[in-house]
2 protein chains.
Amino acid sequence: MSPRVKNAAATREAILASARSRFIEESYDNVGLREIAGDAGVDVALIGRYFGSKEELFKEVLRAGKKPDWLDPSVGHRELPAYLASLAVEEDCADRKKHAEGLLIMLRSASSPKAGEVIRQALREDVLEPIAKLLPGADAEVRSSLALSIFFGTNVMRTIMAVEPLCQCDSGSVRGHMQRLLEAALTGDRTA
Amino acid sequence: MSPRVKNAAATREAILASARSRFIEESYDNVGLREIAGDAGVDVALIGRYFGSKEELFKEVLRAGKKPDWLDPSVGHRELPAYLASLAVEEDCADRKKHAEGLLIMLRSASSPKAGEVIRQALREDVLEPIAKLLPGADAEVRSSLALSIFFGTNVMRTIMAVEPLCQCDSGSVRGHMQRLLEAALTGDRTA
DNA sequence: TTACCATGTCAACGATTGTTGATTTTTCAC
DNA sequence: GTGAAAAATCAACAATCGTTGACATGGTAA
């Protein structure tokens, strides 16, 4: 077959985009390099040439999707639950949707030996610590982790387990539930 | 090598036990039949003979681990949060530990195409519906799903993502957090 | 003992995977 | 236009996987 037009930057970007799309919908182990290459309209070997290995491609997908300032510092810790809840169900805002996809990528491939360590580090540095820095109190890290538990838990049920009651639920309702749970997670009060 | 003692029931059980142990600690795709057979001290081919295929072996692991009456009907829906919270951290009670392991198996392999459908069905029939049946109110299924979201979420963070603040946390503390979140999930009140 | 069937082992298949080296094609400077 | 380098393709590798059929071994009833 006749080779495609030559544009290193563009094909690299195409591979990266295809990889991201695949990793959003399937686990690290269940995504083949040939699928990614096929989506990008490129031969498999190019992935090795541009990214070295599958693991490094995955690393690059994570790195390309992250934004250091994703957590708007202007949001006080009081508005954080609503903010994180909207992050989970927002379809309009491209930024939030992209960030939610990034978390979904981590969730999907979390139990893969190859991708696991990369994910754990990215989760710690890019997600957990920024949230914890916004929280007052001593056990900020614990509550930050709990908040992410809420996010991952609902995403497991909705996206991976495809549990109908939570899938068919309208976005507003889901957002309400998540906000309530996030408030319980972030404010460590024991009013009970 | 000289064949082992011949005991069909025992070796079948040994394979099942080894498979369960492996599936608790690794994803469906990352567990090889040769590992399972090795743990059981058995040739790989025996797995095929006794269980047909890897997928059916996995199905059998799930089926063997389930208990129809795991949710004590005597527990009122008021005590349910504490009951489910203890399920997550209990190390003493063998029954609860076993059931928690079963949920962990589902969580670990949830994003595997082969095991996914089996898991979704087992989760619906054996976990979600029993909980929902115990809950009063109209949206019992939704709140049941939310409760399981809490369980899966914290387990993702603690076991799969290995997030330190939640791992090093003492069991009592984790149980307290989970109970608080489960109460928020199960009682759908909007007191805010 | 001897025949027989259940039980267990061995070896290999076909398919798929990530990866690599050689080859071809395009692009661009001279 | 020509040559060299970048870009892309092709072909094949080695490893692993689940699976299967042929073969060997054990227990057991006649």
Side-chain angles (χ1 to χ4, degrees), chain A residues 1-20 22-23 25-62 108-109 111-118, chain B residues 1-20 22-23 25-62 108-109 111-118:
Chain A
M1 202 175 301
S2 71
R4 50 179 289 147
V5 293
K6 308 217 168 187
N7 189 336
T11 51
R12 202 193 117 101
E13 212 61 30
I15 293 174
L16 205 60
S18 304
R20 182 183 167 87
R22 287 285 184 176
F23 285 136
E25 285 172 351
E26 295 224 64
S27 162
Y28 177 87
D29 303 295
N30 294 111
V31 171
L33 292 186
R34 286 171 175 81
E35 303 176 84
I36 297 177
D39 291 352
V42 159
D43 191 89
V44 203
L46 269 193
I47 297 181
R49 189 173 297 285
Y50 278 125
F51 296 93
S53 70
K54 184 185 185 183
E55 196 173 343
E56 300 214 33
L57 169 63
F58 185 79
K59 232 183 281 191
E60 188 61 27
V61 168
L62 250 53
R108 270 239 147 81
S109 303
S111 43
S112 167
K114 300 274 181 60
E117 191 48 45
V118 188
Chain B
M1 204 172 298
S2 71
R4 49 179 285 146
V5 293
K6 306 213 167 185
N7 187 336
T11 51
R12 202 194 117 102
E13 211 60 30
I15 294 174
L16 205 59
S18 303
R20 181 182 168 88
R22 287 285 185 177
F23 285 137
E25 286 172 351
E26 294 223 65
S27 162
Y28 176 87
D29 303 296
N30 293 112
V31 171
L33 292 186
R34 285 169 175 83
E35 302 176 87
I36 297 177
D39 290 354
V42 160
D43 192 89
V44 202
L46 268 194
I47 297 181
R49 189 178 296 284
Y50 279 125
F51 297 93
S53 69
K54 183 184 184 182
E55 195 174 344
E56 302 214 34
L57 168 63
F58 185 80
K59 232 182 281 189
E60 188 60 28
V61 167
L62 251 52
R108 270 242 144 81
S109 303
S111 43
S112 169
K114 299 274 182 58
E117 192 48 46
V118 188

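Chain identifiers are assigned alphabetically (A, B, ...) following the order of the sequence lines, protein sequences preceding nucleic acid strands; residue numbering begins at 1 within each chain.
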Length of the [atom1]-[atom2] vector between [X] and [N], whole Å:
X	N	atom1	atom2	answer
A:Asn30	C:dT16	CG	P	14 Å
A:Ile36	C:dT17	CD1	C1'	13 Å
A:Ile15	D:dT9	CD1	C1'	13 Å
B:Asp29	C:dG18	CG	P	12 Å
B:Leu46	D:dG21	CG	P	16 Å
A:Arg22	C:dG18	CZ	P	12 Å

Output one line per pair: protein atom, nucleotide atom from nucleotides 11-16 of chain D, and distance, for all N/O pairs under 3.5 Å.
residue, atom, partner, partner atom, Å
D:dA12, N6, A:Arg34, NH2, 3.4

Interatomic distance, [X] atom [atom1] to [Y] atom [atom2] [nearest 0.5 angstrom]:
X	Y	atom1	atom2	result
A:Asp29	B:Asp29	CG	CG	6.0 Å
A:Phe51	A:Leu16	CZ	CG	4.5 Å
B:Ser112	A:Glu26	OG	CD	9.0 Å
A:Arg49	A:Ile15	CZ	CD1	11.0 Å
A:Asp43	A:Thr11	CG	OG1	12.0 Å

Parallel, tilted or perpendicular: rings of B:Phe23 and B:Tyr28 (30°, 60°): parallel
Residue of the set A:Lys54, A:Arg20, A:Arg12 for which salt bridge (Lys or Arg N to Asp or Glu O under 4.0 Å) holds with A:Glu60: A:Arg12
B:Val44 side chain near B:Ile36 side chain, heavy-atom distance below 4.5 Å: no
Near-strand residues of residues 47-58 of chain A, defined as heavy-atom separation under 4.0 angstrom from DNA chain D: A:Arg49, A:Tyr50
Check: A:Ser27 side chain, B:Ser111 main-chain N or O, donor-acceptor pair, under 3.5 Å: no
D:dA7 phosphate, OP1 or OP2, under 4.0 Å from A:Thr11 side-chain N/O: no
Per A:Leu33 side chain, nearest of listed nucleotides C:dG8, D:dT9, C:dT19: C:dT19
